[in-house]
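Okay, structure first, notes after.
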Amino acid sequence: MNEEEIRGKLILPFLNELGFDLSEISLEKSFSIRLGKTEHIINGRSDVLCRRNGKNLFIIELKKDSVDILQKDIDQGISYARALIDDIAPFTIITNGKTTKIFDSISRVDLTGKKISEHSDFWKNGYMLSTDEELRIRYEALKNFISFSDENLKIFCGNQVQDRMGPIVGNIGDPTSKFVIDLFVQRKNLQSSFNSFVDSDGSFFAIVGTAGVGKTNTMCSLALQSLENSFVFFYNAAIINKSPLEHIAQDLNGVFSSKSESNSVLKKLDELGRFLNKNVFLFIDAIDESVNTNISLELSELAVATRNLNKVKVCISCKSNIWKNILTVSGTHTHLFEELNKFHQPIGSLDNNPGFLLKDFTEQELTGIVPLYRNAFGFKGEISENLLKELRNGFFLRIFSEVYSHKLIPEKIDDKDLIKSYLKQSFEKTKIDFQTGMRILSKIGIILINHKYSEWDAFNDDGLEIETLLENLNFSLNETLPEDLFARNILTKSNKEDSYNISFYYSKIRDYVICFHSYKLDQLGDNEFYKILDDFYSNYIGQSAIEFYLENATESHKYTLIKYKKDKALAYVNSYNSYLEENFKNSKKLFLPKTDGEIGIALPVDLIKKDGYALFPLKSAASEKILHKHLEDAFSGEYWNSRMYEIGAYTVYGSNYSLLVADQGKAVKKQIFKQLKDIIQKGKLSAYNSEILIMEQVSLIIYYYQKQLGYNDRIDDLYMPRFELIYPIDLQDLQKRIYRFRAYEYYRRLDYSIPSSTIDLRVEDAVKNNLDIPTLNITGDFPPFEELSKIVGILQKKRNP
């Protein structure tokens with residue numbers, strides 16, 4: 001007889017005779033085992049589970065009558081008994097219809113022929129086990145279960161991955177789905193690198209890139225393909241609220257560890273991987289979007305924990321703009337950096353940090369991807385070469401496909417109308433109406449334009465800190481931004497050390513909102529447009545928005561922008577010339593454009609589409625201060641034959657944005673002092689020949705040693721130039737402060753046992769009687785106040801000859 005016949009002809013009638021009701025008997029398709037937090041239905045087997053008084057009693061493992069009962073059959077039956085949902089079945093019965101054996105599911109002791117109720121401590125104790133003992137036997141059951149076949153391994157991991165991927169995986173109709181398997185084509189270079197990582201000794205692999213390049217899609221794809229032959233866990237860092245290790249422990253709670261034993265989880269996983277001879281992969285997507293303020297430290301600890309494991313490998317993804325923040329804590333590289341460095345090479349565009357830099361689609365990749373989108377969304381018509389270049393960004397391709405789904409592609413795509421349509425469609429798929437959604441986004445746009453960003457903020461482009469944003473939005477304490485704005489990839493979160501930032505997911509959506517909703521530039525008159533340009537050129541976001549707007553601006557507004565740029569350029573060159581005249585009159589010729597006379601500025605012929613500028617010496621006072629030249633490739637060939645040589649320009653600057661800022665004075669000083677440093681290094685100018693250079697040294701020393709000199713909280717800006725924060729400097733007062741410091745250090749060093757109050761009295765006496773204090777010849781990390789005193793003396797003589 002086969003298993004079905006044994007069950008139907010022998011087992012079920014026998015159980016009926018014993019008094020088991022049909023409701024107390026479960027067949028393999030109606031009872032479940034527990035794996036971590038997940039229930040799994042047993043399929044394709046002929047097992048029987050008997051229950052009594054609502055508790056599992058025994059499981060029967062059936063074999064053909066033509067085969068002997070082997071140890072592996074016993075192991076398999078006991079594993080199922082141990083892994084049952086709710087309670088462990090105390091007894092396991094193995095039968096082939098001829099031979100029947102009974103085992104204690106806990107101790108594995110053969111109870112055949114014995115009075116089983118007397119030999120099972122688990123039975124006698126009312127199904128009670130210590131936590132450690134229960135975890136141990138469930139862990140052993142899991143090992144056996146997933147070692148029986150690869151299919152069992154896929155069942156175990158598949159549910160975890162599916163549950164944790166959650167809403168980011170779906171079809172094209174799902175509003176929150178980021179990964180649609182039918183639209184995905186694996187990037188060859190990345191796949192090759194990942195394959196090398198799998199075969200390497202490295203424990204960490206990182207996918208880094210800007211928004212919209214496909215990091216999440218790639219992570220989902222790699223996780224799903226790894227399911228074929230590996231033990232896989234997947235986590236979306238944007239929606240987990242604990243450390244990755246705690247979530248892994250939670251998913252395996254009831255199998256590996258208690259909630260308090262998350263540190264041992266990785267070792268258990270590694271042990272399991274070695275037992276199965278398979279890799280264990282942990283995929284953690286979008287760590288930049290985690291709201292866990294300790295994510296950098298926790299990933300560092302995860303790196304330490306995996307360092308000496310054989311089978312555990314971790315793959316993470318992160319936006320490139322905050323990658324450096326993830327790899328450093330308080331300016332020091334984390335253990336995560338060290339582990340990544342073992343496999344990845346440092347990448348220059350990532351501040352020489354390790355990782356795999358995922359970029360926009362190549363033209364070759366697009367040829368394979370666009371047909372998939374065309375087939376899925378049904379857009380019609382030919383895609384121009386210019387449009388194809390824009391579609392290299394995966395997110396923009398998705399926007400384009402959704403907007404033109406089952407429509408004819410126009411000859412020219414208007415970004416403004418495209419994004420407007422996308423936002424309308426997006427809000428229709430959420431609980432937020434279009435008007436409310438756009439009001440919130442518009443306010444955020446105004447806040448972004450008016451925020452003062454440092455150069456580092458602009459470089460990172462990671463938005464505004466959530467508390468700052470909510471405060472500026474005038475939200476109440478219990479209000480927050482609608483989650484649908486993040487689910488639809490309109491806004492995004494970026495992790496930082498002690499909080500998280502909010503920004504627009506895609507810069508073109510941000511620029512559209514700012515231009516056509518926050519400021520409604522298209523509705524402004526020319527004078528109003530001119531006046532508001534100062535706001536837009538105050539930070540990098542405004543500059544980006546203006547570039548976006550120009551694609552849709554009227555000719556009148558374009559002409560207004562040209563006038564604005566020319567006015568700002570003229571103001572800049574006048575300020576530059578005046579600063580040199582006032583501070584470096586005798587050495588003005590050492591600075592660009594190397595002239596003692598007046599200075600002019602060269603701008604691009606096309607001030608709308610082209611960029612850059614150059615300074616040149618004016619031949620006469622009547623000469624035009626602004627010239628329009630073709631600045632691109634200005635120095636191609638020999639300098640003596642170039643267009644720049646004709647006008648006397650030595651350098652062409654690639655961008656003229658620095659001229660358009662409201663505070664041009666800072667831009668002028670920055671440019672001049674950059675040249676000044678080089679001039680001094682080459683020995684062309686002595687610092688003591690220029691009063692402004694001497695003052696620069698004084699300001700630096702005061703800045704770094706303000707507390708020692710008694711300047712209490714006077715300076716709070718970390719960026720140069722900082723003269724306006726230190727000036728005016730009272731030189732006589734400063735010399736007294738230096739004297740007090742020297743006197744205090746002198747008396748303190750005479751006798752370290754003297755209390756501070758006594759030293760203070762001696763210092764006051766020295767000041768009162770103008771006592772001579774010896775020079776402090778101290779090396780090492782000590783304030784350079786002897787040098788400062790010397791410099792102050794030089795300045796006093798210059799001012800009072």
Side-chain angles (χ1 to χ4, degrees), residues 11 15 18 20 24-28 31-42 45-63 69-96 99-148 152 156 249 252-261 264-265 267-269 271-272 275-276:
I11 301 301
L15 292 174
L18 290 176
F20 280 97
E24 296 176 308
I25 302 172
S26 301
L27 306 181
E28 84 285 346
F31 67 88
S32 305
I33 62 173
R34 181 172 70 179
L35 299 176
K37 290 294 196 182
T38 309
E39 295 183 31
H40 298 272
I41 303 297
I42 298 175
R45 300 186 48 76
S46 298
D47 299 282
V48 178
L49 170 66
C50 287
R51 298 168 61 85
R52 176 55 57 91
N53 298 324
K55 286 183 173 291
N56 298 326
L57 184 56
F58 57 84
I59 191 169
I60 304 175
E61 171 82 4
L62 301 173
K63 310 301 296 181
I69 296 174
L70 303 175
Q71 184 61 44
K72 68 176 183 178
D73 302 319
I74 298 170
D75 292 340
Q76 188 162 330
I78 291 176
S79 295
Y80 279 111
R82 290 176 163 190
L84 287 170
I85 198 73
D86 302 324
D87 305 306
I88 297 169
F91 307 103
T92 301
I93 301 172
I94 315 292
T95 183
N96 61 7
T99 303
T100 299
K101 290 181 176 291
I102 303 176
F103 294 89
D104 185 320
S105 300
I106 304 301
S107 67
R108 303 175 63 92
V109 171
D110 187 344
L111 301 178
T112 308
K114 299 176 182 179
K115 192 171 182 179
I116 62 176
S117 61
E118 295 178 355
H119 290 80
S120 172
D121 290 335
F122 182 57
W123 169 265
K124 287 189 293 185
N125 293 333
Y127 291 60
M128 294 297 293
L129 286 175
S130 69
T131 300
D132 289 343
E133 181 69 6
E134 182 173 355
L135 293 176
R136 181 186 65 79
I137 65 172
R138 287 194 181 277
Y139 172 55
E140 290 179 359
L142 173 67
K143 286 201 300 184
N144 285 324
F145 173 76
I146 61 177
S147 66
F148 294 147
N152 287 345
F156 179 85
L252 291 169
N253 182 241
V255 177
F256 278 15
S257 63
S258 64
K259 292 180 181 178
S260 63
E261 293 178 319
S264 66
V265 168
K267 292 181 180 179
K268 290 283 190 180
L269 284 174
E271 179 186 331
L272 186 61
F275 177 79
L276 298 169

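Positions are given from 1 along the sequence. Values reported hereafter were calculated over all heavy atoms of this structure, with side chains retained and with hydrogens, waters and symmetry mates removed.
Summarising the geometry, atom NZ belonging to Lys101 is positioned 10.0 Å from atom CG belonging to Asn96; distances are rounded to the nearest 0.5 Å. Going from atom CZ of Arg52 over to atom CZ of Phe58 covers 8.5 Å, rounded to the nearest 0.5 Å. Rounding to the nearest 0.5 Å gives a distance of 10.5 Å between CG of Asp75 and NZ of Lys72. The CG atom of Asn125 sits 8.5 Å away from atom OG of Ser120, with the distance rounded to the nearest 0.5 Å.
Residue Ile11 forms a side-chain contact (heavy atoms from CB on, under 4.5 Å) with just one option from Thr100, Ile25, Leu62, and that option is Leu62. Partner of Ile94 under the side-chain contact (heavy atoms from CB on, under 4.5 Å) criterion, out of Thr99, Leu70, Ile69: Ile69 alone.
At least one side-chain heavy atom of Ile78 sits under 4.5 Å from a side-chain heavy atom of Arg108. Looking at Leu57 and Trp123, their side chains come closer than 4.5 Å, going by heavy atoms from C-beta outward. When side chains are defined from C-beta on, His119 does not count as touching Ile116, because their heavy atoms never get closer than 4.5 Å. No side-chain heavy atom of Ile88 sits under 4.5 Å from any side-chain heavy atom of Tyr127. The shortest side-chain heavy-atom distance between Asn56 and Leu49 falls under the 4.5 Å cut-off.
For Asp110, the side-chain hydrogen bond (donor to acceptor under 3.5 Å, both in side chains) criterion is met by Thr112, not counting sequence neighbours. Residues that satisfy the ring-ring contact (aromatic ring centres under 6.0 Å, His included) test with Phe103, not counting sequence neighbours, are absent from this structure. Partners of Asp73 according to the side-chain hydrogen bond (donor to acceptor under 3.5 Å, both in side chains) rule, which considers only residues two or more places apart in sequence or in another chain, are Lys63.
Nearest heavy atoms, Lys124 versus Glu118: NZ-O, 3.3 Å. Listed here is the closest heavy atom pair of Ile60 and Thr95: CG2-CG2, 4.0 Å. Of all the heavy atoms in Ser105 and Thr92, the pair that sits closest is OG-OG1, 2.8 Å. Shortest non-hydrogen contact noted between Arg51 and Phe20 is O-CE2, 3.9 Å. The heavy-atom pair separating Ile59 from Gly77 by the smallest distance is CG2-O, 3.8 Å. The heavy-atom pair separating Ala89 from Leu84 by the smallest distance is CB-CD1, 3.6 Å.
Panel note: side chain Asp104, backbone Ser107; a donor-acceptor pair is recorded below 3.5 Å.
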